[in-house]
Amino acid sequence: MTRPLRAGFIGGGFMAAVHTRAATAARARLVALASSSPERGKHAAHHLEVERAEPDADALASAPDIDVVHVCSPNRQHAEHTLAALANGAHVICEKPLALTVADARRVVQAAEEAGRTGAVPFVYRYHPMVRQAREMVARGRLGTVLTLDAAYLQDWLLEDSDHNWRADARTGGPSRAFADIGSHLCDLIEFVTGRRIRRLAARTRTVFARRGGRPVTNEDIAALLIELSDGALGTLLISQVAPGRKNSLTLELHGTRESVRFEQERPEELWIGRRHGSQLLLRDPDGAAPDSARLSVLPAGHPLGYQDAFSAFVTDAYRAIRGEQPDGLPTFTDGLRAVQLTEAVLASAEDGAWIDTPPAQSPASHPNED
């Protein structure tokens, strides 16, 4: 019997809790955790039921008894912590953004390749079964030619100027916030489901409050994009962290020459399928679903699956890759690099108003209908 992977975690906040639950579901041993201070590390390790706390990230990255490191630290430390873990021979699951610059993201991709280690980034919305169902519909031509798309990712957790978080500080969160944090998920989903790359984009951003909690803010609350895919399809994207009543509203709607399809993350058990004469809701049901959708449907129809289930499926696939398998659709460090490329393009376009070309630096991820 293959022994459980030994997992370590850098960070002790919300995302570390999500990662530890997913690692437990994937049958890993939760060996060690490090946070921003030894005291916080001890508290988080106890709360998250991790075996021990390490005094800091360096100690965790160099620990000899860890197979895979989950990097859940603030954004500016992602590349540093990932590189340290790779240098010690560990595989890495790194929260996005993979790095704050394209140059640093490339260094991380190269380091993982040279070390022969698996690197994954949790673009977990790929792991909703109905997203895989929509992807299969596009690949099989059921929609016809995709002409346009309408997508949004809306939240309200930073609605007031008194709402503050380390992500709103560019020194720790990076030069982009709304797009890098949630818009990157939206673009990854677009490229994953359509099998087409975003060829170019034009963007506008807005920072609503110059100060939050008495501290200056320079990264954006809102981003609006026009995009063109590699086959000419046009799309509009709206990303906001100041949309009242919207908690985690990720939506993707594709319009083809035959049918349309719409996925809503807050209603993950269904797809809306639009037709000129008679539309329908398709409910998740592994019986008769696309094989990749059925694979992720770990519960029968009528037993709802949600965000944590998707995250756990992602970590399970990442661990399978560590063991030498090749699970379909696993988001890797190359996909993390792609997100950083798009983030830099959004900021550049927002600054000078120009359309920005966004060619992939490396070969696109495998897709049954890839260009």
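For clarity, every value in this text was computed on a predicted model and none was experimentally measured. Along the sequence shown, residues carry numbers from 1.
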Would you say [X] has more than 12 foreign heavy atoms packed within less than 6.0 Å of its [atom1]?
X    : atom1 : value
R215 : CZ    : no
R199 : CZ    : yes
R40  : CZ    : no
R323 : CZ    : yes
R21  : CZ    : yes

Check [Y] with [X], please: is the shortest side-chain N to carboxylate O separation under 4.0 Å?
X    : Y    : answer
R284 : E270 : no
D65  : R6   : no
D161 : R211 : no
R338 : E191 : yes

Do we see a donor-acceptor contact under 3.5 Å between the side chains of [X] and [Y]?
X    : Y    : answer
Y153 : Y125 : yes
N248 : E266 : no
Y127 : D317 : yes
H255 : E253 : yes
E95  : H19  : yes
S240 : Q155 : no
R275 : Q280 : yes
Q241 : D163 : no

query: What distance separates N75 CG from T172 OG1, expressed to the nearest 0.5 Å?
result: 7.5 Å

query: Once you round to the nearest 0.5 Å, how far does OG of S260 lie from CG of L143?
result: 6.5 Å

Hey, does the side chain of [X] reach the backbone of [Y] with a donor-acceptor pair shorter than 3.5 angstrom?
X    : Y    : result
Q133 : A290 : yes
S249 : R246 : no
S73  : G11  : no
S312 : A25  : no
T207 : N219 : yes
K96  : D181 : yes
S349 : V346 : no

message: E344 vs T101, test: side chain to side chain donor-acceptor pair (under 3.5 Å). Steps then yes/no.
response: CA-CA 8 Å; E344 286 197 354; T101 67; 5.1 Å; no

Please confirm whether [X] makes a cation-pi placement over [Y], using NZ or CZ under 6.0 Å from the six-membered ring centre and within 45° of the ring normal.
X    : Y    : result
R135 : F192 : yes
R106 : F333 : no
R262 : W272 : no

message: Quick check: closest heavy atoms across L100 and V340, and the distance to 0.1 Å?
response: C-CG1, 4.4 Å

Tell me, do [X] and [Y] make a side-chain contact under 4.5 Å, heavy atoms counted?
X    : Y    : answer
E54  : L33  : no
D309 : H128 : no
F311 : V18  : yes
I273 : M137 : yes

- prompt: Once the angle between the rings of H47 and H43 is folded into 0 to 90°, is it parallel (under 30°), tilted (30 to 60°) or perpendicular (over 60°)?
  reply: parallel

statement: When F123, F179, Y307 are each screened for ring-ring contact (aromatic ring centres under 6.0 Å, His included) with H185, the one that passes is F123

Common cluster, V124/I190, ILVMFWY with side-chain heavy-atom separation under 4.5 Å: yes

